[in-house]
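Below: one structure, written as structure tokens.
Since the structure is predicted, the reported quantities are computational estimates derived from the model, not experimental observations. Side-chain atoms are counted along with the backbone in the values below, which use heavy atoms only and exclude waters and symmetry mates.
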Amino acid sequence: MDIQAEKLRLIEWLASLRDSNTISELVAFKKSKEIDWWDEISEDEKSEINEGLTQADKGELIPHDKVMSKYDKWR
């Protein structure tokens, strides 16, 4: 099977579709194949992100310029 030719045939077919049910089914199929980055990271990474969000919600933030000045020596 020539994958490029098959893709073109699918694109042509999709462009000509008028049936909203078929289009809805295709959208649902596409969504089922998409991978959410959150599902791909480790539990430790999720924990760190959640901790950061909690800190941000509490206003426990460090201004960008202060963080960058800490690393000036490596620029």
Side-chain angles (χ1 to χ4, degrees):
M1 170 185 359
D2 178 5
I3 192 87
Q4 296 303 335
E6 198 61 37
K7 285 185 201 179
L8 288 173
R9 282 192 285 275
L10 284 169
I11 291 168
E12 289 170 355
W13 172 74
L14 183 59
S16 70
L17 274 179
R18 304 232 185 280
D19 179 20
S20 61
N21 288 333
T22 301
I23 293 170
S24 294
E25 289 175 7
L26 290 168
V27 169
F29 176 75
K30 179 184 173 287
K31 285 181 182 179
S32 75
K33 296 295 182 182
E34 292 174 350
I35 298 172
D36 187 333
W37 65 269
W38 184 259
D39 296 330
E40 297 294 306
I41 62 175
S42 71
E43 290 302 317
D44 287 340
E45 290 168 316
K46 290 177 185 176
S47 177
E48 292 290 327
I49 291 168
N50 285 326
E51 181 180 342
L53 291 172
T54 299
Q55 290 172 340
D57 288 343
K58 292 179 183 177
E60 299 170 356
L61 304 171
I62 300 171
H64 180 263
D65 58 336
K66 188 173 181 180
V67 172
M68 293 310 294
S69 68
K70 180 179 177 180
Y71 298 99
D72 274 343
K73 61 184 172 188
W74 287 297
R75 283 203 254 174

In Å, rounded to the nearest 0.5 Å, how long is the span from [atom1] of [X] to [atom2] of [Y]?
X   : Y   : atom1 : atom2 : result
D19 : E25 : CG    : CD    : 7.5 Å
T54 : E51 : OG1   : CD    : 7.5 Å
I49 : I41 : CD1   : CD1   : 4.0 Å
E43 : N50 : CD    : CG    : 9.5 Å

[X], [Y]: one ILVMFWY side-chain cluster at the under-4.5 Å cut-off?
X   : Y   : value
V27 : W13 : yes
Y71 : I62 : yes
L53 : W38 : yes

E45 versus S42, side-chain donor and acceptor atoms under 3.5 Å: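 Per modelled atom types, S42 and E45 side chains form a pair under 3.5 Å.
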For K46 against D39, the heavy-atom pair lying closest together: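 Scanning both residues completely, I find the closest heavy atoms to be NZ-CA, 4.4 Å.
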Looking at side-chain heavy atoms only, is the closest gap between M68 and H64 below 4.5 Å?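 When only atoms from C-beta onward are counted, H64 and M68 do touch, with a gap below 4.5 Å.
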Quick one: do E12 and R9 make a salt bridge, cutoff under 4.0 Å?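 Between R9 and E12 there is no salt bridge, as every charged N stays at least 4.0 Å from the carboxylate O atoms.
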